[in-house]
Novice: 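I'd like to ask some things about the structure below.
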Amino acid sequence: MKMKSEPVLPWMRRPVDVTNFEERTLEAVPCLDPRLKVALQKMSISSLFPVQLAVWQETIGPGCFERDLCINSPTGSGKTLAYALPIVQMLSNRAVKCLRALVVLPTRDLALQVKEVFSAIAPVVGLSVGLAVGQSSIADEISDLVKRPKLEAGICYDPEDHFQDLQSAVDILVATPGRLMDHINTTKGFTLEHLCYLVVDETDRMLREAYQAWLPTVLQLSRSNYESHFRCGNTFNHSIFGSLKTIRRCGVERGFKDKPYPRLVKMVLSATLTQDPSKLAQLDLHHPLFLTTGQSRYKLPDKLESYKLICESKLKPLYLVGLLQGLEGEKCIVFTSSVESTHRLCTLLNFFGDLKVKIKEYSGLQHQSVRSKTLKQFREGETQVLVSSDAMTRGMDVEGVRNVINYDMPAYIKTYIHRVGRTARAGRTGRCFTLLRKFELKRFNKMLQKADNNSCTDHSLPSSSIESLQPIYISALEKLKETVESEASRKRKFGFKFSKIRKGKKVHGAKV
Ligand SMILES: Nc1ncnc2c1ncn2[C@@H]1O[C@H](COP(=O)(O)OP(=O)(O)OP(=O)(O)O)[C@@H](O)[C@H]1O
């Protein structure tokens, strides 16, 4: 199969096309553990999606996890279960509990979401799933991840004395890079020496940032073998002196020469997987197999309806209000270009008293606990409109999001793909609206050409509805001005975090 823009790497030019697979009922999935089948049914899953079948074939099927997998599949196509299911099935016959699978994601909310999926299927085959994201204190996290020996009453526990007895309390760990590095560096008994599976979800985002060199560290630690332990005198991985060892030898067979064996299997995924050889080289992939959907590099969900709305610069907020009124309380995510615009737009919208929907802000500027609460309310339908920076762009799966609105046009096709992918998920329908000023139209059309399924219809609002909003807009703007000023003075007084909001200015490279 020939791709439209030929990737540089030869193995990327010969992909497995996921569109050749058809959704299949669980009964027809070969070798699926009956316990997992029941767990999936409890999740209301009765069939596997094409990408899940394609990955199943390369892992549990004839492919047998022999190659590392690079998966490029549209938003909402079910990538999480595509990797979770084969990993859980493979580990279901493990005899001893140790950390065998590690899934790394860029944000805490995403990691929580993925952990939920593992937690729905892993316990039925006796596997435990842990989370390392900094949601709880490090001490609580350690006690969830590492089992301490049971001591007789009155004896004090000292980890130094009982190092060899420390064992992993989890088989699968879902982590963000920062917290993962904390455990690698400081948690006694936390070891990656038995790791068999590494999943890097949202790969292109994960490779963009070094996050304390988490990737080379993970690769190095999971490569270590008996000899190197002695050579480097590693002080933390003493468990090799205990009864359990995963000794990785250097392979001599063709294709495995000089590679540790058993090797660490890697699965990397995104809806916009990078094709940059230097970035992919960081993953040290073994005979990688590329799985992609169709011929185009970027693909929008099949049942997404896209609309563009040309608006006057000065009246843009009114077009948004008019649009929201027409959507009558349906769940919406409104994307802006920065944390500052998110805050201001959300504040402004809340001054339009008669919108009759609950509108909240979600951005990297807020404390994690505020964000998590907002997300919960949005999931539960208590909040209908979320005004968000690009913190919400990737991976987030919220049921019932019917509309995505690009209040600010995204600068890149990748951002567009991930934003609009918050709707029309799992084969459902969804709509996306992009508000454009006239001068942005050309650039927008050019950007869309890079994606498959890119038709975008004009949408307009009656000018009378915009005019009727003018009086309330003027008073809302006044209130916004007062709010911004009072926040600025609070900031001067208390050195508040909101200090980063600069009137009218966008800060490049700011938090998302
Ligand atoms: N086989 C299935 N049958 C029905 N629903 C499914 C199935 N697999 C996944 N889903 C649902 O589809 C939705 C999207 O799945 P998931 O979040 O894994 O998508 P994704 O491909 O990772 O998307 P993104 O690229 O946006 O992260 C989820 O709500 C999930 O529960």
Side-chain angles (χ1 to χ4, degrees), residues 1-21 50-51 54-59 61-75 77 79 82-83 86 103-106 177 197-211 213-216 218-220 222-223 251 253-261 263-300 394-395 412-418 447 449-452:
M1 186 178 70
K2 196 165 154 44
M3 308 283 290
K4 271 185 190 161
S5 57
E6 283 265 287
V8 176
L9 290 164
W11 57 268
M12 285 200 130
R13 291 188 215 138
R14 291 183 296 276
V16 169
D17 188 349
V18 172
T19 55
N20 292 332
F21 289 78
V51 69
V55 174
W56 189 257
Q57 172 168 305
E58 296 305 328
T59 50
C64 204
F65 269 119
E66 275 178 3
R67 303 173 69 174
D68 287 342
L69 301 182
C70 293
I71 301 151
N72 185 59
S73 173
T75 51
S77 59
K79 293 187 285 296
Y83 60 77
V103 183
V104 193
L105 294 118
Y197 305 100
L198 171 66
V199 179
V200 184
D201 204 341
E202 300 297 349
T203 311
D204 43 331
R205 160 95 194 266
M206 295 298 294
L207 294 180
R208 224 170 44 211
E209 290 168 68
Y211 295 117
W214 73 272
L215 183 56
V218 167
L219 295 182
Q220 174 59 37
S222 54
R223 217 177 266 145
E253 301 86 352
R254 192 163 167 261
F256 284 92
K257 200 161 186 303
D258 296 332
K259 297 222 176 189
Y261 188 83
R263 72 181 179 90
L264 175 68
V265 174
K266 288 161 221 141
M267 295 166 89
V268 305
L269 310 92
S270 176
T272 55
L273 191 73
T274 179
Q275 297 187 349
D276 181 339
S278 64
K279 291 212 176 99
L280 288 167
Q282 297 171 48
L283 291 156
D284 189 24
L285 297 169
H286 172 81
H287 287 248
L289 182 67
F290 184 38
L291 288 87
T292 191
T293 307
Q295 307 226 343
S296 206
R297 185 166 173 196
Y298 305 115
K299 191 173 185 303
L300 291 159
R394 279 178 181 263
Y412 307 102
I413 185 69
K414 284 191 177 195
T415 315
Y416 183 82
I417 297 269
H418 288 284
M447 184 180 78
Q449 279 168 15
K450 293 182 184 157
D452 243 12

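Since the structure is predicted, the reported quantities are computational estimates derived from the model, not experimental observations.
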Novice: Within the structure provided, determine whether T59 and L69 are in side-chain contact (heavy-atom separation under 4.5 Å).
Specialist: yes
Novice: When you check the side-chain N and O atoms of D17 and T19, is any donor under 3.5 Å from an acceptor?
Specialist: yes
Novice: If I take atom CG from residue L283 and atom CE from residue M267, how far apart are they, to the nearest 0.5 angstrom?
Specialist: 13.5 Å
Novice: Rounded at 0.5 Å granularity, tell me how far CD in Q275 sits from CG in L9.
Specialist: 8.5 Å
Novice: Give, for atom CZ of R67 and atom CD of E58, the distance between the pair rounded to the nearest 0.5 Å.
Specialist: 7.5 Å
Novice: Quick one: closest heavy-atom pair of S73 and K79, and the distance?
Specialist: O-NZ, 2.8 Å
Novice: What distance separates T272 OG1 from I413 CD1, expressed to the nearest 0.5 Å?
Specialist: 10.0 Å
Novice: Quick one: are P277 and M12 in side-chain contact, heavy atoms under 4.5 Å?
Specialist: no
Novice: If you look at every heavy atom in V51 and S77, which pair is closest and at what distance?
Specialist: CG1-O, 3.4 Å
Novice: Describe, in one word, how the ring planes of W11 and F290 are oriented to each other, choosing from parallel (under 30°), tilted (30 to 60°) and perpendicular (over 60°).
Specialist: perpendicular
Novice: Could you pull out the closest heavy-atom pair between C70 and P288, with the gap in Å?
Specialist: SG-CB, 4.4 Å
Novice: If we only count heavy atoms from C-beta on, is the I417 to L300 side-chain gap below 4.5 Å?
Specialist: yes
Novice: Starting from the C-alpha separation in whole Å, work towards a yes-or-no answer on side-chain contact (heavy atoms from CB on, under 4.5 Å) for S270 and M206.
Specialist: CA-CA 10 Å; S270 176; M206 295 298 294; over 6 Å; no
Novice: Looking at every non-hydrogen atom in both residues, tell me the closest pair between T203 and L273 and how far apart they are.
Specialist: CB-CD1, 3.8 Å
Novice: Please tell me if the side chains of R205 and H418 come closer than 4.5 Å, counting only heavy atoms from C-beta onward.
Specialist: no
Novice: To the closest 0.5 Å, what do you measure between NZ (K266) and OG (S222)?
Specialist: 7.5 Å
Novice: Is Y416 close to K450 at the side-chain level, that is, under 4.5 Å between some pair of heavy atoms?
Specialist: no
Novice: So does E66 get a backbone contact from the side chain of R263, meaning a donor-acceptor N/O pair under 3.5 Å?
Specialist: yes
Novice: Given 3.5 Å as the limit, does a donor-acceptor pair link the side chain of R13 with the main chain of V8, or not?
Specialist: yes
Novice: What's the spacing between D284 CG and L215 CG if we round to 0.5 Å?
Specialist: 9.0 Å
Novice: Stepwise, does the side-chain contact (heavy atoms from CB on, under 4.5 Å) test hold for N72 with V18?
Specialist: CA-CA 9 Å; N72 185 59; V18 172; over 6 Å; no
Novice: Which residues pass the side chain to side chain donor-acceptor pair (under 3.5 Å) test with Y83, sequence neighbours left out?
Specialist: D201
Novice: Please evaluate residues V265 and D68 with respect to the criterion side-chain contact (heavy atoms from CB on, under 4.5 Å), reporting the C-alpha separation (whole Å), side-chain torsions for both, the decisive distance (0.1 Å), and the verdict.
Specialist: CA-CA 6 Å; V265 174; D68 287 342; 4.1 Å; yes
Novice: List the steps, then state whether side-chain contact (heavy atoms from CB on, under 4.5 Å) holds for L264 with L219.
Specialist: CA-CA 8 Å; L264 175 68; L219 295 182; 4.1 Å; yes
Novice: Going by heavy atoms in the side chains, are F21 and V55 under 4.5 Å from each other?
Specialist: no
Novice: Is any side-chain heavy atom of P86 closer than 4.5 Å to a side-chain heavy atom of Y197?
Specialist: no
Novice: Who are the salt bridge (Lys or Arg N to Asp or Glu O under 4.0 Å) partners of K414, not counting sequence neighbours?
Specialist: D204
